[in-house]
Structure formats: structure tokens, C-alpha cells
There are 2 protein chains.
Amino acid sequence: MKLEKITQTENPSRRSYDDACGTAHALDLVGERWALLVMRELMLGPRRFGDLRAELPGISANVLTQRLEGLEAMGIVKRRKLPPPSGVQVYELTPWGLESEPIFQVLGRWAARSPHHDPTLAFSAASMCLSFRTMFDASRAKGLALDAGFHVRGEDYHVSIREGVLTAVRDPAEPADFVLAGEARAIAAAVYGGVPLAALEANGALALKGDRTMAERFVTLFPLPPQVGA
Amino acid sequence: MKLEKITQTENPSRRSYDDACGTAHALDLVGERWALLVMRELMLGPRRFGDLRAELPGISANVLTQRLEGLEAMGIVKRRKLPPPSGVQVYELTPWGLESEPIFQVLGRWAARSPHHDPTLAFSAASMCLSFRTMFDASRAKGLALDAGFHVRGEDYHVSIREGVLTAVRDPAEPADFVLAGEARAIAAAVYGGVPLAALEANGALALKGDRTMAERFVTLFPLPPQVGA
DNA sequence: CGGCATCCGGGAAGATACTG
DNA sequence: CAGTATCTTCCCGGATGCCG
């Protein structure tokens, strides 16, 4: 029973750029701190509040609440209650919210050339899958059919390559040619950092099961653009 | 005399997401308020401090100073002093900064479908030109060769269409088939709002010189995507 | 424990006045 | 014209606590 609820949703004082430009309006929608990263974590499917908190290092609970409320008010995110008995509440992107994926692609591609990029920082599994979608070079996968499994922090991800098309999804522990288990940043070290899989296995960062040849082929499919001034 | 100057520029405490994800790093680079809009105004070429201030309704001088400093530190913007006698200082994008154009394209395209978009707000001439680049539908311009001039707030813009390719630049008052003079939002009303040119001329919002048939063809070349829920 | 409200400190943004 | 100085306001981040 909310009395005196300050409905900030209907309060027009939200800082707006008041600009008809599409970019400006996009920033009104998703320009607040953390907003795009929350959406990133939802790109692979519904997530719970606690999942989001765990995957977004540094966000505080109240800010996450505010972002989810704001994104829901904008029609980008929808909250849904799973049917009993689980009954848990999850947040998911609306169809229009899902259409934001190109934003992540171009931001990622552009920022990858930054001279200030530090690839050794934390890396969520969703980021990893989206980066695969972004950086995949179909010309390197001619005639390749491959199913990769990743086990990161208790969850399974599946990446499949068929006829030059890559798809990445969460959860369905489908059969895979190989499975890599470990932190996303270790997988990234192999794919983007050129660190040999054997080295990452040797120091315990990764565990590989299955077809090693396929795994070593996989990590060559995602070339990074050259950094500026390099 | 400033004693105790807090040199925030060399202070690494700048809020960062500390995330290896490309999107997160992009937000570290250009996620601060106004940053992308400053870049937008620079996409068509160098601008002076005062130009930027005038074209960004609502930005305050100190924030603009901070953004320009930050973008320069990141290698996105460069300040340059024009040779005497003008000797004025201008800001321009670096080559890498120019490569950010796809960001504006996808943000604009995605936000154009927003149910909250209000196209009657202010609209800078740079936004207009970028929106032409973004929304241009080459399939509607088959076999069309066209040169359009726009006169907005004392400056000239030139849009040319050749063999399905649109280019938009500032300043070079090149020969054009027609010239539209008025506020950018009035031009947008014709191109995106479907308002007849004659109506905008009648109420004084626009003045048309030159080939009217070409102008009326031009405004049909930029279809908007359907809004969500419509 | 998940979701959310509240309080507080620090810092970024907004507005205005001021200077070379 | 091109910023700087200063003050206020608001947002963000962290901690705590309530409630189902």
C-alpha cells in the first residue's frame, strides 16, 4: 500500500535532451549509467534480479531497480512472473528491446580499436557470447560445422556455426564437439588474446573436454580490428 | 589563484565500468552525458566552441569543456588552431572518432521506432544530415542524380545523390538543383512528417528555390521504420 | 533470499557570473 | 568569443532495513 508514491515515471522532470535527433532520443532511452549493460545481460534471454546484480560488477541494487523500472516504462524491458511452482520474477527484453543488438555490435567494434582498451578485466558470459556474434568472421569458417559448449559460473552456453552463420544461446546444454569450462575472461584470452589453450589448461584457468582440434580452430574465428595508432 | 587544484585529469578515479566487454569500454569512452551529441556535431567537420554550444541546446559551458577535454584525452577529438589570420581554435574528430558514425546510424534507426519519440523538438543541421545518411533508401533513388542545398541558421549544407549513394557535407555552397532555407525541424517535417512543402512555404517555415519537382522527389527518399505497437 | 524502499556522502551536471 | 569559477541540484554508489 503505497501512499504518497512519488511517481517519477509520470514526472516530466527526467533529464531529457529535448532533441528530435534519433541519437538524442536513444540517449534519453538508454543513455543513463548501466542501462545498456543491463540490456546486454538480457540479450541472451530472461534473467532474475540477482543474476543481473551478480553479472554487473559494481551496480548497486537501487540503481538496478531504477534502470529496470525505467527500461520497462520505455517499453524496452518486460517483467514476467514464471508460472508456479517456481513463481520467480524475471526480466526480459521486449521484441523492440531485442532489436537493439546492432547497438552492441557497433559499439563493441568501434571500442575494440581503442588504445585504452584493457582486455584483462572482468567479462560476463553474455558479453562473451555477444562478442562472438560481433567479431565472427564468416570467411574464416567456410564449410565449417561446429558446436561449442561453454560452462561459466554454473551456466551453460552453446555456440553453433553452420554455413557461415553463428548463433549463441544460453542454457540448452546441447551436444557439442567440445566444451570449455572456466571464467569468461579465460576463454577470451584464448579467442582474443591468442593465448594457447594448452597454456590456459596448464594453469587451471580452463578445462577442455571433447574435440581439441575443433576448439583450436574455434579460437581463430574472431579476428580483432587493429588498434588505432598500431 | 587556485591552490589545491584537484587534477581530475590525471586522477584515475574516473568512474569506469572495469569491464572488458567492448560495449562497456565504449561507454567508458563516450557514455558520459552529452559526449555522443558533441561528437555528432563534429561528424560533418570541425566546429568552434561557440558553434557547439549553440547547436547543443541545454549544454553548459563547463560541461562542454569537460567533454572536449575528455574526448581529446581518449583520442576521439583533436583541437586544432587554424592558421593566421583567422587563428581561431576548432575541434575536430580524429580518424578513429570519425569511424563512430555507425553508432549514430544504429542508435537513430533503433530509436526511430520508439513510441516516445517526439519529432517536433529542436533539430540541429548536423542531426538532419546524419539522419539523411541513416534513413536514405537507395532503392527509392534508382537512376536518380540530385543535388540539394540547405540553408540553416546562416550555414550551407549540400546533399548529393549519385547512383544510389548519398553524401552530405557542410559548407561548400555547391550548385544544387534546389535549395531549402529554414529551420532544420521544418525540413524534417517535410521529409519525415509528410508535411507538404507548399504548406511549409505558406506559413513561412521554409523557402524553396530551384527545381520544385526535385525537391518533392527528395522528401520521399527517407522512409521511417514503423513505430513499435503501430 | 529476492525485490525494493530509505538514508547518506561524494561527485557529476546545470546555471550563472566572471575574466582575458 | 572562449572558456573559468562558483554555487546549487541531482544522480550515482553503498549501506541498511523491511517484507513476502
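The sequence lines fix the lettering, A, B, ..., with proteins before strands; numbering per chain opens at 1.
Checking L37(A), L68(A), I59(A) one by one against L52(A), the side chain to side chain contact (heavy atoms under 4.5 Å, CB included) holds for a single residue, L68(A). When each of R80(B), R170(B), R47(B), K78(B) is checked for a salt bridge (Lys or Arg N to Asp or Glu O under 4.0 Å) with E92(B), only R80(B) meets the rule.
Here R48(B) reaches the OP1 or OP2 of dA2(D): one of its side-chain N or O atoms lies under 4.0 Å away. Remark: R79(B) is not in phosphate contact with dA2(D), judged by side-chain N or O atoms under 4.0 Å from OP1 or OP2. Here W34(B) reaches the OP1 or OP2 of dG14(C): one of its side-chain N or O atoms lies under 4.0 Å away. The side chain of R53(A) contributes no N or O atom lying less than 4.0 Å from OP1 or OP2 of dG13(D). Between Q66(A) and dC11(D), a side-chain N or O to OP1/OP2 separation shorter than 4.0 Å is absent. Residue R33(B) places at least one side-chain N or O closer than 4.0 Å to OP1 or OP2 of dG14(C).
Distance check: N62(B) CG to R67(B) CZ gives 9.5 Å after rounding to the nearest 0.5 Å.
For R48(A), the salt bridge (Lys or Arg N to Asp or Glu O under 4.0 Å) test picks out no residue, with sequence neighbours left out. Listed by chain and residue number, L44(B), Y157(B), A168(B) satisfy the side-chain contact (heavy atoms from CB on, under 4.5 Å) test with C129(B) (two or more places apart in sequence, or in another chain).
When distances run from any side-chain atom of R15(B) to the nucleotides dG3(D), dA12(C), dC4(C), the shortest one goes to dA12(C). Comparing atom distances between the E69(A) side chain and each of dC11(D), dA12(C), dA5(C) picks out dA5(C) as nearest.
Residues of residues 55-63 of chain B having a heavy atom closer than 4.0 Å to DNA chain C, listed by number: G58(B), S60(B), N62(B), V63(B).
The aromatic rings of F136(B) and F222(B) lie tilted to each other, with the angle between the two planes from 30° to 60°. Note: F178(B) and F150(B) have perpendicular aromatic rings, judged against thresholds of 30 and 60 degrees for the angle between ring planes.
Counting to the nearest Å, the P atom of dG3(D) and the CZ atom of R67(B) are 16 Å from each other. When rounded to the nearest whole Å, the span between CG of L27(B) and C1' of dC12(D) equals 15 Å. As rounded to whole Å, 11 Å separates atom P of dG13(D) from atom CD of E32(A). Rounded to whole Å, atom P of dG14(C) lies 12 Å from atom CG of L64(B). Rounded to whole Å, atom P of dG2(C) lies 14 Å from atom CG of L68(A). Atom CG of L82(B) and atom C1' of dA2(D) are 14 Å apart (whole Å).
Inter-axis angle, ends of the helix from dG3(C)-dC18(D) to dG20(C)-dC1(D), five pairs per end, rounded to 10 degrees: 30°.
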Working note: E101(A) + R133(A), criterion salt bridge (charged side-chain N to carboxylate O under 4.0 Å, His left out); need CA distance, chi angles, decisive distance, verdict. CA-CA 10 Å; E101(A) 178 157 356; R133(A) 288 191 195 167; 2.5 Å; yes
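When each of Y17(A) and Q89(A) is assigned the nucleotide of DNA chain C with its nearest heavy atom, Q89(A) is the one assigned upstream, toward the 5' end.
Legend: ring pair (Phe, Tyr, Trp, His ring centres under 6.0 Å) pairs involving residues 26-66 of chain B, not counting sequence neighbours, sorted by first then second residue: Y17(A)-W34(B). Note on residues 70-102 of chain B: pairs passing ring pair (Phe, Tyr, Trp, His ring centres under 6.0 Å), not counting sequence neighbours, are W110(A)-W96(B).
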